Each structure stands twice: as structure tokens, then as C-alpha cells.
2 protein chains.
Amino acid sequence: MQTTRVAPRQRLSPEARERQIVDGAIAFFAEVGLAGQTRELAQRLGVTQPLIYRYFPTKQDLIDRVYEEVFVGRWRAEWTDLIGERARPLRDRLIAFYRIYARDVLTYDWIRIYMFAGLAGEDINRRYIALLEDQLLVPIAREVRAAAGAPALSETPVSGLEIEAAWHIHAAVFYYFVRKHIYRAKTEPDLNAFIEDAVDRTLDGALAVTRRGGVAG
Amino acid sequence: MQTTRVAPRQRLSPEARERQIVDGAIAFFAEVGLAGQTRELAQRLGVTQPLIYRYFPTKQDLIDRVYEEVFVGRWRAEWTDLIGERARPLRDRLIAFYRIYARDVLTYDWIRIYMFAGLAGEDINRRYIALLEDQLLVPIAREVRAAAGAPALSETPVSGLEIEAAWHIHAAVFYYFVRKHIYRAKTEPDLNAFIEDAVDRTLDGALAVTRRGGVAG
DNA sequence: GCTGTTATTGATCGTTTGATAAATGGTGCG
DNA sequence: CGCACCATTTATCAAACGATCAATAACAGC
């Protein structure tokens, strides 16, 4: 009554097997956390546990690979350009961006592993935040100023509270997926409507405060 | 060179010892996660590991106690009343509420254990969200409608997107503390200024969209 | 088909970790 | 001072878990 041998030994090319292990590890660690056991991962993959150690010397190496696979290279430089395309209304740019960002980044795997990593004290999150501030939030703050008609574009640097305002827009979308994928709570089912509405409300607020002279922090 | 006996055996009353263990467990699990080892917890408490098992039959019992201690009874019914006090401007009510909520609820221990529990699949988060929607978000949505001059108070029920709009306000504050306590990232240092600004921006947005007739979802 | 290479498995090791039981010692009461 | 109670510790177990190594079998080349 042990492991009932259902499938015969399947021999794959090292590349294919590694791919399979990494993909399986992403799904597995996203679900149960980075403390998940290698034996259970192996069982889900339909292989034995020592096989994992042929491809990754230690569990930490596998986890590092998962981090790399999930986080590195997901950000697209063109998204920064999209935010700055002043030919379109800022509202449209933000809606377009968050539709793509929700589809390509804020997935079940990404958001859970991201939160597990944060709680584990990894610096991945801080590095990602630095990237976001530089490539997304400062550009958004700049566009909000321009759209609000606040002039001091190159004079006054973007203030802390202006970046926080850009965070509000981001937080609205991000937190939606936290509720959905981490708390597994009921959320607005129409994602497109949600994003449109979220951008409308948070952008309106950012514009209104900026117009009232809230540029200085 | 083992555990250098620094303090002699200290005998406490069961009540005092239990209190100490629970408090220590909250701080410990908040920091390292619910998978933290009982031996390490005991070491931090300055007692031996089996002592914990005299007070809590299993580790899960201790964790359940931590949940109870951290989550149960933190919400104050009077906060719902505060949201509805129409003698004051809604802005002031929200700022007052989030100052208290940030101080009393969104602490390091609370937000980390809350996120650990969510990732572990506990239903605590869903139950807390249900409480929040009922006691905070629906009241906020109601007040936003009233403040925006949208009439259909008792007629049209609060829509999904209106609740999401209330979530935007909440998410702005909540996410600030996620960045601070989970990612350990740099955040706006002036909490009062942040809360004021966050309420201004997110409330402005909620009002603007509601005024434009965005009541129906 | 035979054979060498190597992907994969079975068996197992050492440590970690939740949990238990017996020994120890502090405290209050007579 | 002596004794009983019980809070606390020491010692230890069994399962879980990361990791290792020799044995096995799938596939390629001849």
C-alpha cells in the first residue's frame, strides 16, 4: 500500500525535466508556501524526491530559481512609455496599463510568491518596489501633475505624498488581487469594469488634490 | 557550551506564565511566521520547550489562541457609529477613523499574522472581510452617496463597485502598512499627513465618480 | 541487438521538530 | 523544619524532512 506505481519510469531530456520541475515548483510554492516539502512537490510532479536534487543542489537553489523565474523580466520597459503617451488621455493610458499589468503580472502565482517572499524578509520586494517607483509611480505622478495643469514640472521634484498618491492608484488594483488570491474572498467579477472604475476614482482623487495645490508634500 | 544557565528556574503563576507565552507567541509568530519552531519560541521566552506544552496541548492550539488574541475583539462597534456622524464632514470622520484604526489595528503584529493566516488559507480573513464590509465599507459607501448628493439612498442597494470604491480608501491605508511592515520598505514618515492625504484623494475620487452618476454598478 | 551513458529510482542517513514522560525544585502550609 | 503540591526541567521518542549514494533502466550510437 505504498506509492502505487502507476506510470513507468519516464526519461526526459535534462532541459525538459528542469522546465517541468521549475514550473511545478512555482505552482506548488505559490499554493503552499516556500516551506512546502520537496517530497510533496516531487509527488505532484510524478517523480521521486531525489530527482529534484539532481537538478537543484539544495532546496534554496530551487527557491532562488523560482524567484528568478517569477519576478525577473516580468516588467516591460515599454509600460513606462505607455504611461507617458500624452496623445491619449491619462485615464485611458492607466486603464490600458492596468489591464495588461493585471493579466501579465498580478497572477495567482506571482502575488502569492511575492507575499511569501515579503514575509520571509527577502529583499526582492524592496527591489521590485524601487523598480515600480522609478518606472511607474514617478511617471504617473508626473503625468498627474501635467494633467492637473500644475506647472512646476522640472522645478519642484516629485514629493513623497505625490508618490503615495500614485501608490493609491496602484494599491486599489493590487489589493483587489490580494483579496482574490490570498484571502480567497469574493470580489467584483467584472475585472474590466473594476479597473476602469478604480482608475476613474483614484485618478480623480489624485487630480483633485493636485489641482488644489497639493503639490508640495 | 550548551544553553548557559543564566537565570535560575523561575516559577510563575499559571495565569502569568500563560499570558507570557501568548504574548511571546504573538510577537514570535508575527516575525517568523506560523511555521516558527516551538523551541525557538521557548528560547525567546527564557523557558524550556516542553513548558509550552503544559499550557497548550498542541502547537495548533497555541496558534488558535494567537488568532483569537490578535483578531477577536479588536474591532470596536463605535467605529461604525463614527462613520455615520453626519454632524461632521465625512472627510473628518474618515481621517479620525483611520488614525484610530492605524494605531489600534494595523500594527506590526496584526498585519503580519493577518497575512500569514491568509496565505495559510485560514478563513479568518474572509470572516474579517465580511465584518469590514458590513460594519465599515457599506456605511462608508452610504455616506459617500449622501455626501455626493446622490439620492437613491434606500431605493438602490449599494452596488458592488460602490463597495469596491470604499475598498479603495481602505486599500490606500492598508497597503501603506503592508509596505511598511511586510516589505519593510521606506514609506512616508508623517503618518498623520499620509492619512489626511490618502483620505482626501480617495474620497475625492469616490465622490466625483458617484456624482457623475456612477451609482449603478 | 549489444553496449555505454546517464536519467531516474530505492534505500538510507542525519537533523529537525512536535510531542511525551519522568525527574527536579520552588513555594506555601502545617 | 518538613511535607505536599505542582511549575519547570531533563531526557527522549517518533515522525518529518533535506540531502546523499548506489542500483536500475531508458535511450543513443554502433
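Order of the sequence lines fixes the chain letters, A, B, ..., with proteins taken first and strands second; residue numbering starts at 1 for each chain. Keep in mind that what you see is a predicted model, and the values were worked out from it rather than measured.
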* In whole angstroms, how far is the P atom of D:dC6 from the CG atom of B:Leu12? -> 17 Å

* Asked: What nucleotide among D:dG18, C:dT8, D:dT9 has an atom nearest to a side-chain atom of A:Thr38?
  -> D:dG18

* Is it the case that A:Glu196 and A:Asn192 place a side-chain donor and acceptor less than 3.5 Å from each other? -> no

* Asked: Between B:Tyr53 and C:dA21, does any side-chain N or O lie under 4.0 Å from OP1 or OP2?
  -> no

* Asked: Hey, is the side chain of B:Tyr55 poking within less than 4.0 Å of OP1 or OP2 on D:dT8, counting only N and O atoms?
  -> yes

* What class does the angle between the rings of A:Tyr183 and A:Tyr175 fall in, given that below 30° is parallel, 30 to 60° is tilted and above 60° is perpendicular? -> perpendicular

* To do: Classify the nucleic acid contact of B:Gln10 as base, sugar-phosphate or nothing, counting any heavy atom under 4.0 Å across all strands shown.
  => sugar-phosphate

* Structure fact -> When rounded to whole Å, the CD to C1' distance for the pair A:Gln43 and C:dT8 reads 17 Å

* Which of parallel (below 30°), tilted (30 to 60°) and perpendicular (above 60°) describes A:Phe97 and A:Trp79? -> perpendicular

* **Between D:dG18 (P) and A:Glu40 (CD): distance, integer Å** => 10 Å

* Structure fact -> Taken to the nearest whole Å, CG/A:Leu51 to P/D:dG18 is 16 Å

* Asked: Is any side-chain nitrogen or oxygen of B:Arg17 closer than 4.0 Å to OP1 or OP2 of D:dT8?
  -> yes

* Asked: Atom CD1 of A:Ile21 and atom C1' of C:dT9: how far apart are they, to the nearest Å?
  -> 13 Å

* Asked: Whole-Å distance between D:dA7 P and B:Leu45 CG?
  -> 17 Å

* Pair A:Arg179-B:Glu164, salt bridge (charged side-chain N to carboxylate O under 4.0 Å, His left out): steps then yes or no -> CA-CA 11 Å; A:Arg179 283 186 284 138; B:Glu164 294 291 340; 2.6 Å; yes

* Scan A:Ser13 against the nucleic acid and name what it touches under 4.0 Å (heavy atoms): base, sugar-phosphate only, or nothing. => nothing

* Asked: Can you check the A:Arg39 CZ to C:dG10 C1' distance for me, whole Å?
  -> 12 Å

* Basic-acidic side-chain contact under 4.0 Å: B:Glu133, A:Lys186 -> no

* To do: Kindly assign one of parallel, tilted or perpendicular to the pair B:Phe174 and B:Trp110, based on the angle between their ring planes and the thresholds 30° and 60°.
  => perpendicular

* Asked: Taking for each residue the nucleotide of DNA chain C bearing the nearest heavy atom, is the 5' side occupied by B:Arg11 or by B:Pro57?
  -> B:Pro57

* To do: Round to the nearest Å and state the distance from A:Gln49 atom CD to C:dC13 atom C1'.
  => 12 Å

* Asked: What nucleotide among D:dT8, D:dA26, C:dG18 has an atom nearest to a side-chain atom of B:Arg9?
  -> D:dT8

* To do: Would you please confirm or rule out a distance under 4.0 Å between OP1 or OP2 of D:dA7 and any side-chain N or O of B:Arg54?
  => yes

* Counting side-chain heavy atoms from CB outward, which of D:dA19, D:dT12, D:dT9 is closest to B:Val47? -> D:dT9

* Contact nearer the 5' end of DNA chain C, comparing B:Gln60 with A:Gly46 -> A:Gly46

* To do: Taking only the side-chain nitrogens and oxygens of B:Thr48, find out if one of them lies under 4.0 Å from OP1 or OP2 of D:dT8.
  => no

* Asked: If you check the A:Pro50 side chain, which of D:dT8, D:dA19, D:dT20 turns out closest?
  -> D:dT20

